[in-house]
Amino acid sequence: MRGPGPVERRLLDRMKRTPVCAALIDPEDFEADAAAQTAERAIRAGVGLILVGGSTLANQSKLDDVVKAVKRVTRRVTTSRAASQRVPVVLFPGNISGVSRYADAILFSSLLNSTNPYFIVGAQALGAAEVYKAGIESIPMGYLVYGRESATSFIGQVNSIPTSKPELSMLYALAARYLGMRTLYLEGGSGTSEPVPSDVIRAVRKVYDGVLIIGGGITTAETAVKAAESGADIVVVGNMLQSDGYERKLRRITSALGQSAPHK
Ligand code: 1GP
């Protein structure tokens, strides 16, 4: 079993300085040109990672087009720097259609609190050959989804973990740790008004020493910093990238995270 590959190591290095802001681009919401433009603005605003994926993505060629367009941007925006300094473009798949050989890496995830084994290991087995053939770096990740209102929760047939009982999240985090998942994503649900609560993040951070990613409903510097101070290494911003004036808001988030202490 291999340890962290180059993209993961680059992220780990980056996290030693401060928590990282990641921009999530869902190919369902963006044509390739618009995705490239958004990625460029996000990188210029200070994000350290571009995630590409979504829970309802069915069109793999659209995913390829978006990833290729975003990759062109990362090469251009960071042209003066070595390839190892470029902002990585990493897949965040919701299903077997989420694999693209043009990406730098994939968050190879298991939806740990799904009630359907397909989302825990079935889709992973079906998609694994594509990842193998593509030869892209795989980053093992546990995925925990909170709430019942998001598309991810519905499609993933999630058994939502009560946020009033942080000890239950701790148990899943320990399971992810002992299963060797080097990354754990706590998902509040895209567009939610209730991001994953601080006490849940803190409880998980106590027992989980891998990379902790928090997403869902992060739209302000305050919510981003709250997640980071509670234990997030990476804070994901998705929906907000489609709102008016998002660059300004994103800059506020990245600069606030830039002043937060790292966990790594
Ligand atoms: C969704 O956690 C991500 O998978 C991002 O959520 O769209 O609410 O930022 P938002």
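Computed from a predicted structure; not experimentally measured. In listed order, ligands and their atoms are each counted from 1. Just so you know, residue 1 is the first one in the sequence shown, and it goes up from there.
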Original post:
Is there a donor-acceptor contact under 3.5 Å linking the side chains of Ser150 and Ser153?
Top reply: no

Original post:
Rounded to the nearest 0.5 Å, how far apart are OG1 of Thr163 and CD1 of Ile201?
Top reply: 11.0 Å

Original post:
Regarding Tyr146 and Thr192, is there a side-chain donor-to-acceptor distance under 3.5 Å anywhere?
Top reply: no

Original post:
So which heavy atom in the protein is nearest atom 5 (C) of ligand 1, and how far is it from that ligand atom?
Top reply: Gly216 N, 3.7 Å

**OP:** Please could you name the atoms of ligand 1 that Glu187 approaches to less than 4.0 Å, counting only its heavy atoms?
**Re:** 1 (C), 2 (O), 3 (C), 4 (O)

Original post:
Hey, which atoms in ligand 1 end up nearer than 4.0 Å to a heavy atom of Gly191?
Top reply: 7 (O), 8 (O), 10 (P)

Subject >> Side chain, backbone, both or neither: Leu24 near ligand 1, heavy atoms under 4.0 Å >> reply: side chain

Subject >> N/O separation below 3.5 Å, Gly217 to ligand 1 >> reply: yes

Original post:
Can any side-chain N or O of Lys62 pair as donor or acceptor with the backbone N or O of Pro27 at less than 3.5 Å?
Top reply: yes

**OP:** Run the numbers for me: atoms of ligand 1, each under 4.0 Å from some heavy atom of Gly215, listed by number.
**Re:** 2 (O)

Subject >> Winner among Phe92, Tyr185, Tyr143 once heavy atoms are compared against atom 3 (C) of ligand 1 >> reply: Tyr185

Original post:
Any non-hydrogen atom of Met240 lying under 4.0 Å from ligand 1?
Top reply: no

**OP:** Please answer whether the main-chain N or O of Ser97 pairs with a side-chain N or O of Asn95 as donor and acceptor at a distance below 3.5 Å.
**Re:** no

**OP:** Taking atom types as modelled, find out whether Asp64 and Ser100 have a side-chain donor-acceptor pair closer than 3.5 angstrom.
**Re:** yes

Original post:
How close does the nearest protein non-hydrogen atom get to atom 9 (O) of ligand 1, and which residue and atom is it?
Top reply: Gly238 N, 2.7 Å

Original post:
Hey, what's the ring geometry for Tyr143 with Tyr185, parallel, tilted or perpendicular (30° and 60° as the breaks)?
Top reply: perpendicular

